[in-house]
Amino acid sequence: MSKSFVTGFPRIGEQRELKFALESFWAGKTSFSEVEKVAAELKKRHWNYQIDAKVDLISVNDFSYYDLMLDNIITFGAIPPRFAGLSGYDLYFSMARGNANSVAMEMTKWFNTNYHYIVPELSRDVKFNLNSSKIIAEYKEAKEAGVKNAKINLIGPITFLALSKTTDGSNALDHLDALSSEYVKLIAELSKLDNEIIIQIDEPIFVTDRAAELASKIVPIYDLLASVADNVKIIFMTYFEHANEAVAQVVKSKIWAIGLDFVHAACQEEALKLLSNSDKVLFAGLIDGRNVWVSNLDAKAEIVNKIKTFIPDERLYIGTSCSLLHVPYTLKYEENLSIKEWLAFGVEKLTELKILKKLVNGGEFCKTGKCLIEANRAAIASRKTSTLVNDVNVQNRVKSLTKFDRDTAYEERIKIQKETFNLPDLPTTTIGSFPQTPELRQVRNAYKKSLITKESYESEIKKYIDDCIKFQEDCGLDVLVHGEPERNDMVEYFGEQLKGYAFSANGWVQSYGSRCVKPPLLFGDVSRPAPMTVDWITYAQSRTSKIMKGMLTGPVTILNWSFVRDDKPRSEIAKELALCIYDEIDDLQKAGIKIIQVDEAAFKEGYPLRKENIPAYEKFAVDCFKLSVCAANASTQIHTHMCYSEFNDIIKTIEAMDADVISIETARSGNELLKIFKSVGYKQEVGPGVYDIHSPRIPTVEEIAAQINALLEVLPKSQLWINPDCGLKTRKWPEVKPSLENMVKAVKIIRMS
């Protein structure tokens, strides 16, 4: 009989309880004991959800106060020297968020998701030092809470090092033997906790192209780990893509099991053939951990039946394709969601898993079970035939597309733009958003609930815009923004105004730390019934003689930060979104807006994990960005912004996007990103972030001036813009104002030098 597992469960709380507890603690309003109390309640609740769903293996150590990679850094003592002398939560949160004396550790995207992890910083002199207290405490906590079938989740040593950066040019993987020795100590300690210990060791690096170079390390490392104690069973867990290179090695090793993703890599025949000739247990990820649509459980059962032609029941576990960290918690708070029957959030996926296990094991359904499977079949059928999904006009417009390029080449456009704007060297601006204050959120929420009139709402929003403009003018910024007070989220705001979208009330997903996003639900053909930003931007422009920058989210980011329908190619959906942005740009420039920023913060994270799939993605992603901006006249300057990404492998693709100005993050990563732009002879203008907005610390004038001078060692003044590294919505005004004032002062010093 096949058993079930869950790769991992979310931790922020179904009503974001951990977020609010953390932020209250960071603000000095509560003690850390209050955070610990909330965490204990959440862990117990999440374990009980899985117990109720009769999950056979329940994860422990999948909980984190901020990030699991950061937890690993603490567990193995890989603490950067600048945090020496700190301990406990002071150390932990200083590494994540920075403090008055030290910048935070770098963040970047977790593979091709919208989750950000803390990047380990190593050097050739690093000395690992095991601290297993968090893991052991959580295991004991789970047992006391009634979890009888726990598996301990760890991030694997190869993935940990492969995702690390070094500060001295050394190779992080040179530490594999030293780090593995600490894993040996850890497993030895864990083996004493129970008669049988099951450990899920996540090695998702093996679903990328790096698998080819790293596969030879699997057998020696994992044979070592598997030999520590006879009562320990190790699962080598992968997700997000196929892991064929790893499977070929794992079957030679002494470990117990391997986890594979059967959602994003549905055809796993090569891996199944290898496993069929071994004694390895297969953990098959069948319930989609990254999207929200109801699973076709009959189709999933057919996949399981195919798997069973290779793997017998006693060697098969079925579960989620990856951690449920990447989906919202539950639909139980969604009272007014029109497409609710087509959706499954985290808790509902546990129910799907429970039904699927019963289906594939040939069990008898009780009355409730029969109702659940019938409801699943009805939802699948209704979604296929619904008239809400298809729009012939949208489909015909996409089919008739012929133009994807602007009418004028960049070399000619930039001459016209410089004459039009007459900006100084090193022009200053921001990425777009200003602080989303509690008062602002209350106003939007009250208007959404019809507690205030439209007139009152618009008056409050205009007041915020006026205040933003006054501050920016007083501060001395060159190109202004309206601050985006009307926007709850850079994707949801646009989705709310597009046909083909639906919205959850409580569908929050963790992005990093306490930061959560609520992705809109793209379920049908997309179109723009009316202008989305023109009124607010033109109002803002009317309040200043300086240039006001229009702010839009790009089609690829809207796609990548939505939960996207799974019944149509993403390339076609992206074209529909691009046409919506095209129409908006056309309306903005007709209204007199001369600079328009089209953010593609999620452009890189949409990249496939395997090289063979990259050309197709790049083709549609670049085409769709160019389509969205090709309405712009030569005198209309198009900016774009990209967050936390490694650009060295996609710099030519960025060039092909043909934006006039690109702003990027360099505050945490130094100037390495910028050097890539120089190395390829990038001709467009660049706005490298000169300070880190994800940290509450306020950079000094001298610090920013030094950063600008470092930028000038790479690119000339004529090619550089000066800005923070991302939007300012998550910061508070007492942090934002002095930081931007210091940025402008630093620029003035450099201009005079």
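Here the structure is a predicted model, which means the values were calculated and not measured. The chain is numbered in sequence order, starting from 1. When reading the values below, keep in mind they use all heavy atoms of this one structure, side chains included, and skip hydrogens, waters and symmetry mates.
- Scored by the salt bridge (charged side-chain N to carboxylate O under 4.0 Å, His left out) test, Lys3 finds no partners at all (sequence neighbours excluded).
- Of the inter-residue distances, the one linking Leu579 atom CG with Ser527 atom OG reads 10.0 Å to the nearest 0.5 angstrom.
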Open item on the list: Let's go through Arg290 and Asn114 carefully: what are the C-alpha distance in whole Å and the side-chain angles of both, what is the deciding distance for side chain to side chain donor-acceptor pair (under 3.5 Å) to 0.1 Å, and is it a yes or a no?
Closed with: CA-CA 10 Å; Arg290 290 185 58 178; Asn114 186 34; over 6 Å; no
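- The pair Lys626-Asp658 does not count as a salt bridge, with every side-chain nitrogen at least 4.0 angstrom from each carboxylate oxygen.
- Looking at Glu584 and Thr533, their side chains do bring a donor and an acceptor atom within 3.5 Å of each other.
- We find the CD1-CD1 distance between Ile638 and Ile662 to be 13.5 Å, quoted to the nearest 0.5 Å.
- For Lys549 and Gln597, the side-chain atoms include at least one donor-acceptor pair closer than 3.5 Å.
- Of all heavy-atom pairs between Val207 and Ala243, the closest is CG1-CB, 4.2 Å.
- A 4.5 Å side-chain heavy-atom check between Asp587 and Pro531 finds at least one atom pair inside the cut-off.
- A side-chain donor-acceptor contact under 3.5 Å links Thr320 and Thr7.
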Open item on the list: Under the criterion side chain to side chain contact (heavy atoms under 4.5 Å, CB included), I'd like the reasoning laid out for Phe494 against Leu552: C-alpha separation, chi angles, the key distance, then a yes or no.
Closed with: CA-CA 8 Å; Phe494 291 95; Leu552 303 175; 3.9 Å; yes
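- Looking at residues two or more places apart in sequence or on another chain, you find a ring pair (Phe, Tyr, Trp, His ring centres under 6.0 Å) between Phe63 and Tyr65.
- Side-chain atoms of Ser459 and Ser456 include no donor-acceptor pair closer than 3.5 Å.
- A donor atom on one side chain and an acceptor atom on the other are not found under 3.5 Å apart for Thr640 and Glu600.
- Atoms OG and CZ, on Ser323 and Arg11 in that order, are 7.0 Å from each other to the nearest 0.5 Å.
- Sorted by first and then second residue, the salt bridge (Lys or Arg N to Asp or Glu O under 4.0 Å) pairs involving residues 550-569 (not counting sequence neighbours) are Arg383-Asp566, Asp525-Arg565, Asp525-Lys568, Arg565-Asp567, Lys568-Glu576.
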- [ ] Please step through side chain to side chain contact (heavy atoms under 4.5 Å, CB included) for the pair Phe625 and Ile654, ending with a clear verdict.
- [x] CA-CA 10 Å; Phe625 180 83; Ile654 291 173; over 6 Å; no
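- Every residue meeting the ring pair (Phe, Tyr, Trp, His ring centres under 6.0 Å) condition with Tyr512, not counting sequence neighbours, appears here in chain and number order: His116, His694.
- Partners of Glu302 by salt bridge (charged side-chain N to carboxylate O under 4.0 Å, His left out), not counting sequence neighbours: none found.
- What you find for Ala591 and Thr538 is that their closest heavy atoms are CB-CG2, 3.4 Å.
- Atoms NE2 and CD1, from His639 and Ile595 in turn, are 4.5 Å apart once rounded to the nearest 0.5 Å.
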- [ ] For the pair Arg16 and Asn506, evaluate side chain to side chain donor-acceptor pair (under 3.5 Å) and give the outcome as yes or no after the intermediate values.
- [x] CA-CA 9 Å; Arg16 296 180 290 165; Asn506 201 55; 5.2 Å; no
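- Taking Tyr117 as the reference, nothing meets the side-chain hydrogen bond (donor to acceptor under 3.5 Å, both in side chains) condition, with sequence neighbours excluded.
- Taking 4.5 Å as the limit, every side-chain heavy atom of Arg515 sits out of range of all side-chain heavy atoms of Gln510.
- Between Phe9 and Tyr329, the ring planes are perpendicular. Angles over 60° get that label, and only those under 30° would be called parallel.
- For the pair Ser59 (side chain) and Asp62 (backbone), a donor-acceptor distance under 3.5 Å is absent.
- A cation-pi arrangement is present between Lys462 and Tyr539 under the rule of less than 6.0 angstrom and at most 45 degrees off the ring axis.
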- [ ] Take Trp536 and Glu458, measure what side chain to side chain contact (heavy atoms under 4.5 Å, CB included) needs, and give me the verdict at the end.
- [x] CA-CA 10 Å; Trp536 294 120; Glu458 291 183 350; 3.9 Å; yes
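- Residues passing the salt bridge (charged side-chain N to carboxylate O under 4.0 Å, His left out) test with Lys354: none are found, sequence neighbours excluded.
- Within the structure, every pair that satisfies the salt bridge (Lys or Arg N to Asp or Glu O under 4.0 Å) test and touches residues 318-336, not counting sequence neighbours, is listed here: Glu14-Lys332.
- Remark: Tyr501 engages Ser562 in a side-chain hydrogen bond (donor to acceptor under 3.5 Å, both in side chains) (not counting sequence neighbours).
- For His641, the ring pair (Phe, Tyr, Trp, His ring centres under 6.0 Å) test picks out no residue, with sequence neighbours left out.
- The salt bridge (charged side-chain N to carboxylate O under 4.0 Å, His left out) test applied to Glu374 returns no partner, not counting sequence neighbours.
- Residues Phe603 and Asn560 approach most closely at O-ND2, 4.3 Å, considering heavy atoms.
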Open item on the list: Does Asp56 form a side chain to side chain contact (heavy atoms under 4.5 Å, CB included) with Lys357? I'd like the steps, not just the answer.
Closed with: CA-CA 10 Å; Asp56 291 299; Lys357 185 171 75 168; 3.0 Å; yes
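- If you check the side chains of Asn613 and Tyr607, you find no donor sitting under 3.5 Å from an acceptor.
- With Glu496 as the fixed residue, the salt bridge (charged side-chain N to carboxylate O under 4.0 Å, His left out) test singles out one of Arg487, Lys448, Lys518, Arg528: Lys448.
- Side-chain N/O atoms of Tyr447 and Glu460 include no donor and acceptor closer than 3.5 Å.
- Using a 3.5 Å distance cut-off with no hydrogens or angles, the side chains of Glu492 and Trp561 do not pair a donor with an acceptor.
- The ring pair (Phe, Tyr, Trp, His ring centres under 6.0 Å) search around Tyr582 returns none, not counting sequence neighbours.
- For the 3.5 Å distance criterion, the side chains of Thr208 and Glu241 fail to qualify, holding no donor opposite an acceptor.
- Annotation: the span from Leu324 atom CG to Lys349 atom NZ amounts to 7.5 Å, rounded to 0.5 Å.
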